[in-house]
Amino acid sequence: MKIGGRHFRTIWLKPGNECVVQLIDQRFLPHRFVIEEIRTVEQMATAIREMHVRGAGLIGASAGFGMYLSAIEGAARDSVDEHLVHAAAQLKATRPTAVNLSWAVERQLKNIAEEKTADGKVALALRTARLIADEDVEQCRMIGQHGLKLIEQIAEKKVGKPVNVLTHCNAGWLAFVDYGSATSPIYAAHDSGLPVHVWVAETRPRNQGSKLTAWELSEHGVPHTVIADSAAGHLMQRGEVDLVIIGTDRTTYTGDVANKIGTYLKALAAKDNNVPFYVALPSSSFDWSMRDGLKEIPIEERSAEEIKHADGWWDGQQVEVRIAPEGSLAANYGFDVTPRHLVTGLITERGVCEANEKSIFSLFPEHGP
Ligand code: MRU
């Protein structure tokens, strides 16, 4: 996607030095555009854990590049395999909910095992890391094409009035390598000339909606309005939401959807108001081993400090302020699970399906029973 007219991905290899990974450090957006250089798997693990990079697809791509950096380090010390096993555990421990992380790490381990020499392992790790990133881009682009049809159907009925899409958190291009999942159909609609307007839920406590999604949409010129998380139900009751599209960090093969905390409440409100509730995801965000999302999906709990504080931009600096009494306890659940019966459909790179086992396996038969 474009920033100031120039095309960027969220992660790439440094031109002229392929031993360095460059990424957009999202902690400073929307106020400052900072590119970070990552040279070791240790640095990559920190970038994922501390959310310099975040979002399911980008976490997966970052882990893929992290494994490549570990292969380089291992080759220099004549111990590639030991390094990779250690790196795999280190990367997987950074964030528990997005399944793309373990998916990318396992894919690297499986591929690299087939090479015998250290140089061969490094070269294959590089190819795989690139492939993971490139596939993410193409899958998100296709999600846009399939989701566009849903927006077109609504637009036909609205005869010239904007289609109002509500989204939560950031499942935009910043959460992937390019395009995004939930935002990809929105960009496709906007680019094809359809009038579209986005309600952007701010997404406390880290505000990925008001900071990242709003910034992305602004850069692309898509009309949008930031709302408090708790305003979504009210807007739906007033008929001001035509469609909800959200992303996911892990979806079971039965259609239960883990996404940023607060998603479940939006799904309940959508059900009560007959608003279609779609989840956009590349196949790398399916967990093909999990049946029951509520019981099985690990939910990340982050520091209470994220709840008790807020940060923003003041007088040319990023500042943090406390917003809760110092002595109060706070609990910070990062994700919730929306059960499949509240989901209208899943928008994948292969098309739209229902949130149930039969329909999901009809699109992805290679993962079926
Ligand atoms: O904690 P984050 O920012 O990594 O959470 C990820 C998200 O932004 C959302 O849950 C998103 O909707 C799904 S990731 C494509």
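Order of appearance sets the numbers: ligands from 1, and atoms from 1 within every ligand.
- For Leu329, the CG atom counts as loosely surrounded, since its 6.0 Å shell holds 12 or fewer non-hydrogen atoms of other residues, nucleotides or ligands.
- Here Met51 has side-chain heavy atoms under 4.0 Å from ligand 1, and that is the only part of it that gets that close.
- Each of Asn100, Asn259, Thr248, Asp249 was compared with Ser285 under the side chain to side chain donor-acceptor pair (under 3.5 Å) criterion, and only Asn100 meets it.
- At the top of the distance list for atom 14 (S) of ligand 1, counting protein heavy atoms only, stands Ala56 N, 3.3 Å.
- For a threshold of 3.5 Å applied to N or O pairs, the pair formed by Asp249 and ligand 1 contains at least one separation below that value.
- The aromatic rings of His367 and Phe364 are tilted relative to each other, their planes meeting at an angle between 30° and 60°.
- Looking only at protein heavy atoms, the nearest one to atom 5 (O) of ligand 1 is Lys260 CE, 3.3 Å.
- Summary of contacts: the protein heavy atom closest to atom 7 (C) of ligand 1 is Cys169 SG, 3.3 Å.
- Evaluated for a side chain to side chain donor-acceptor pair (under 3.5 Å) with Arg9, the options Asp136, Asp134, Asp178 yield exactly one hit, Asp134.
- Per-residue contacts place Phe335 under 4.0 angstrom from the following atoms of ligand 1 (heavy atoms of the residue considered): 1 (O), 5 (O), 10 (O).
- The residue from Thr128, Val41, Leu91 that alone fulfils the side-chain contact (heavy atoms from CB on, under 4.5 Å) condition with Met67 is Leu91.
- Residue contacts with ligand 1: Gly55 is included, with a non-hydrogen atom under 4.0 Å away.
- Of all the atoms in ligand 1, the ones that sit under 4.0 Å from a non-hydrogen atom of Ala171 are 12 (O), 15 (C).
- For ligand 1, the atoms closer than 4.0 angstrom to any heavy atom of Gln208 are 1 (O), 2 (P), 3 (O).
- Within the structure, the side-chain hydrogen bond (donor to acceptor under 3.5 Å, both in side chains) test picks out the following pairs touching residues 320-336 (sequence neighbours left out): Glu306-Asn332.
- Looking from atom 8 (O) of ligand 1 to the surrounding protein, the closest heavy atom is Arg54 NH2, 2.5 Å.
- Sorted by first and then second residue, the side-chain hydrogen bond (donor to acceptor under 3.5 Å, both in side chains) pairs with a member in residues 154-170 read Arg54-Asn170, Lys158-Asp242, Asn164-His197, His168-Lys266, Asn170-Thr213, Asn170-Glu216; sequence neighbours excluded.
- Between Asn170 and ligand 1, an N or O atom pair is found at a separation short of 3.5 Å.
- The aromatic ring centroids of Phe8 and Phe33 lie less than 6.0 Å from each other.
- Only the backbone of Thr248 comes within 4.0 Å of ligand 1, counting heavy atoms alone; no side-chain atom from C-beta on gets that close.
- The heavy atom nearest to atom 9 (C) of ligand 1, considering only Val257, Asn259, Leu174, Thr203, is found in Asn259.
- Taking every heavy atom of Phe176 and a limit of under 4.0 angstrom, the matching atoms of ligand 1 come to 15 (C).
- Between the side chain of Thr348 and the backbone N or O of Gly351, at least one donor-acceptor pair lies under 3.5 Å.
- Between Ile48 and Arg95, the closest heavy-atom pair is O-CD, 3.4 Å.
- With respect to atom 4 (O) of ligand 1, the closest heavy atom belonging to the protein is Arg95 NH1, 2.7 Å.
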